[in-house]
Amino acid sequence: MCGALRASDSGKTAVLMGWVNRRRDLGNLIFVDVRDRTGVTQVVFNKERDPAVHEKASTLRNEYVIAVIGKAKQRVPDTINKNIPTGEVELIAEELRTLNESKQPPFLPGETVLPNEEMRLKYRYIDLRRDAMQHNIELRHKVSIAIRDYLSAQGFFEIETPFMTRSTPEGARDYLVPSRVQPGSFYALPQSPQLFKQILMISGFDRYFQIVRCFRDEDLRADRQPEFTQIDLEMSYPQPERVWEVVEGFLTAAFKAAGHSIKTPFPRMSYDEAIRLYGSDKPDMRLPAMTDVREAFTAADLTTLAVNPSLPIVAIRIPQVGELSRKDRDEVKPLFIAKGSAKLFEDFKRMEKNFPQAAASIREKSAAEASDLLVVVAGDSKPGEHKSEGGVKPEVKQHDHAVYTAAGLLRIALAQKYADRHGAFKKSGDPDKDFRFLWVTDFPMFEWDEDGKRWAAAHHPFTSPHEHDMDKLESDPAAVRALAYDVVLNGTELGSGSIRIHRQDIQRKIFHALGMTEDEAHSRFGFFLEALEYGTPPHGGIALGLDRIVMILAGADSLREVIPFPKTARAVDLMVDAPTPVNEAQLKELGIQVKK
RNA sequence: GGGGACGUAGUUCAGUUGGUUAGAACGCUGCCCUGUCACGGCAGAGGCCGCGGGUUCGAGUCCCGUCGUCCCCGCCA
């Protein structure tokens, strides 16, 4: 292999096969760097030594595929290249075969500047030849293997579940697959193997896992692709802590495979705490939490500032940002996405001038240094449009929630904007700082769906409520906590799971709370409800995004860097040019008519 | 569905207040070169300025539309 040759191989005959990475033609002396998956080795063609082979070498061009036979030779000291592992050796060519020529590629894998993403995706096979992509794909392989080995050793069976399955109206949009044999009927690709893995528990496979593709027809983001890979697992008779232990175990193995040693157990935080302290259910703990500064203001202050005294007031601190210029402040304002009636005070100096006592108190409460950036987010006292549906309680909570989450989004936007100044996102080499894991627990069971004017499952409708909250299912749905948990890394949700409902009576209550009639529940999940009646063990599990784990390990900003053949923001594969219309005959066979 | 950024040579980019023949680097082609490794030197080819309208004596530059890529909000149980 091209990356394997070392000085100790000196004198041996070697065969190298690979691509022409670079050619340096000095006339009577030609150097060719031959590249394969493992690296690059320099091959020397000397006219004096072998005119015929040298002549052949002068016809080589970038990305030709060649085979070279020659003698490995230790380089003389002043020609050693310290930048590459094979830099102490070179291959003196004795025979050269061009296995294939290449058209001039639109870009070169060895080039330092990247072409734009459109180009990279269209010619993905060339992009994937680049070192960085080869490394990412190898990393992905190693991580998968580590996780498989770990879970297998812990007694989990990897069991496959169908890709062509049943559409369920809950959750994300389904990708549909028409049935030819049953015209007018459709399979759906799984958003996750949720019900199958629960049925595997009912079937007696008490520890299941699968590294499996899932499909969701929703809009894309840098960290969201329409098809993605989950590490899905489920176990019988677990406490949440047992599931967390398993996850911590395989993540330790996965990170070890990538060369990082992480500490377990991960810290834990309730959902309420996460919202109050970070304005997010996936806190990025690499930066300080927000601070409740409601007490810093007098009632008179709040009136002057036109701030609603009954809503939260929080301070966001970003370390080491330094003083904001007028221009900075103008740029900061649009980063704030006003949710509900949340409003922003971005000019802390002005606050110090007009409300010196409050400002001093905020500084103290948030432990701010002089060089830290402070901004304050509060609720506007102007009467907003009040939606009366849904009862009093969720509305009050929603307004609090809006202020916290608006602040949380701003906190992240500021952190990204000033990443160079605070440096918290730079890899330090210390895994305790670079990888801030967190369990977020006690999620609410239900969320108020403003459009549908009903309660919806926050996680999914098979999640078990907290035992103590059972009696609130009817009286106070907003207060019901779920036995659901997320694992979060550096502000990215890696995975989500729960203890499931294993009793049919409770499952029925949940459907009822969700406003589903018995008939509706049966038509959607009849097979599952029936299965629950045949001796279902208590069970629970979780699913983690493999792509996201690898993305963070690779230090990438987008899933596209760790997926060999990803899709664009419009869910298009630019290489194969999918999706496409299909011909009339195909449609006819499926009994489908396309609206023009 | 909404907001923002970008689109100029094969690639990455520059292009002033609207003004004559649109530039650079890398890549490509040819020649020279025996220790280069992002080789070097000389010469050369290469452009529907994304596409379609408009304003103007004149548009890469201004306006409108459209297509594509990226980021964000909504959405993603």
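Every chain is numbered from 1, with letters handed out A, B, ... down the list of sequences.
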Note to self: For nucleotides 67-76 of chain B, give me one character per nucleotide, 5' to 3': B if any protein heavy atom sits under 4.0 Å from the base, S if the only such contacts are to the sugar-phosphate, - if neither.
What the structure shows: -SSSSSBBBB
Margin query: One thing to verify: whether A/Asp284 and A/Arg286 come together as a salt bridge, which I'm taking to mean a side-chain N less than 4.0 angstrom from a carboxylate O.
Written below: yes
Notebook entry, point to check: Is there a donor in the side chain of A/Asp232 and an acceptor in the side chain of A/Tyr208, or the other way round, less than 3.5 Å apart?
Noted result: yes
Checklist line | P-based separation of B/rA22 from B/rU61 [nearest Å] | finding: 15 Å
Margin query: Return the pairing partner of B/rC26 with a 3.5 Å limit on both distances, Watson-Crick or G-U wobble; otherwise return none.
Written below: B/rG10
Margin query: Can a side-chain donor-acceptor contact be found between A/Gln42 and A/Arg24 if the only test is distance below 3.5 angstrom?
Written below: yes
Check: Between atom CD in A/Gln104 and atom C1' in B/rC28, what is the gap in whole Å?
Finding: 5 Å
Note to self: From NZ of A/Lys122 over to P of B/rG10, roughly how many Å is that when rounded to an integer?
What the structure shows: 13 Å
Item checked: Interatomic distance where NZ belongs to A/Lys47 and C1' belongs to B/rG35 [whole Å] -> 17 Å
Next item on the list: Quickly work out the A/Asp25 CG to B/rC31 P distance and round it to whole Å.
Entry: 10 Å
Item checked: B/rG74 pairs with, by Watson-Crick or G-U criteria that keep both distances under 3.5 Å -> none
Notebook entry, point to check: Donor-acceptor pair under 3.5 Å: do we get one between A/Arg23's side chain and the base of B/rU36?
Noted result: no
Notebook entry, point to check: Taking a pair as Watson-Crick or G-U wobble with both distances under 3.5 Å, which nucleotide is matched to B/rC62?
Noted result: B/rG54
Margin query: Hydrogens and angles aside, do A/Arg508 and A/Gln504 bring a side-chain donor and acceptor to less than 3.5 Å of each other?
Written below: yes
Check: Roughly, in whole Å, what's the span from CZ in A/Phe31 to C1' in B/rC33?
Finding: 12 Å
Next item on the list: Check the distance between B/rG35's C1' and A/His54's NE2 and give it to me in whole angstrom.
Entry: 13 Å
Margin query: Need the pair for B/rG40. Rule: Watson-Crick or G-U wobble, both distances under 3.5 Å, any strand; none if unpaired.
Written below: B/rC32
Margin query: Side chains of A/His54 and A/Glu48: any donor to acceptor distance under 3.5 Å?
Written below: no
Checklist line | Pair of N/O donor and acceptor under 3.5 Å linking B/rU36 base with A/Gln42 side chain | finding: yes
Checklist line | Separation of the C1' atoms in B/rG58 and B/rC71, to the nearest angstrom | finding: 37 Å
Check: Can you tell me how far C1' in B/rG10 sits from the matching atom in B/rC72, rounded to whole Å?
Finding: 33 Å
Next item on the list: Could you let me know what B/rU69 is paired to, Watson-Crick or G-U wobble, both distances under 3.5 Å, or none if it's on its own?
Entry: B/rA5
Check: Looking at A/Thr492 and A/Arg548, what are the two nearest heavy atoms and their distance?
Finding: CG2-CD, 3.7 Å
Notebook entry, point to check: When all nucleic acid strands are considered with a 4.0 Å heavy-atom cut-off, which category describes A/Pro334: base, sugar-phosphate, or nothing?
Noted result: nothing
Notebook entry, point to check: Roughly, in whole Å, what's the span from CZ in A/Arg24 to C1' in B/rC26?
Noted result: 16 Å
Margin query: Using the C1' atom as the point on both nucleotides, what is the distance between B/rA38 and B/rC76, in whole Å?
Written below: 44 Å
Notebook entry, point to check: Would you call A/Lys47 and A/Glu55 a salt bridge, taking side-chain N to carboxylate O under 4.0 Å as the test?
Noted result: no
Item checked: Integer angstrom distance from the P of B/rG65 to that of B/rG3 -> 11 Å
Next item on the list: Could you tell me which nucleotide pairs with B/rG47 by Watson-Crick or G-U wobble geometry, both distances under 3.5 Å, or answer none if nothing does?
Entry: none
Next item on the list: Please determine, by modelled atom types, if A/Gln210 and A/Thr161 share a side-chain donor-acceptor pair under 3.5 angstrom.
Entry: yes
Next item on the list: Quote, to the nearest angstrom, the C1' distance that separates B/rC67 from B/rG53.
Entry: 14 Å
Note to self: Taking only the C1' atom of each, what is the distance from B/rU20 to B/rC37 in whole angstrom?
What the structure shows: 46 Å
Checklist line | Value in whole Å for how far the C1' atom of B/rC37 lies from CG of A/Leu26 | finding: 10 Å
Next item on the list: Please state the P separation for the pair B/rU36 and B/rC31 - nearest whole angstrom.
Entry: 24 Å
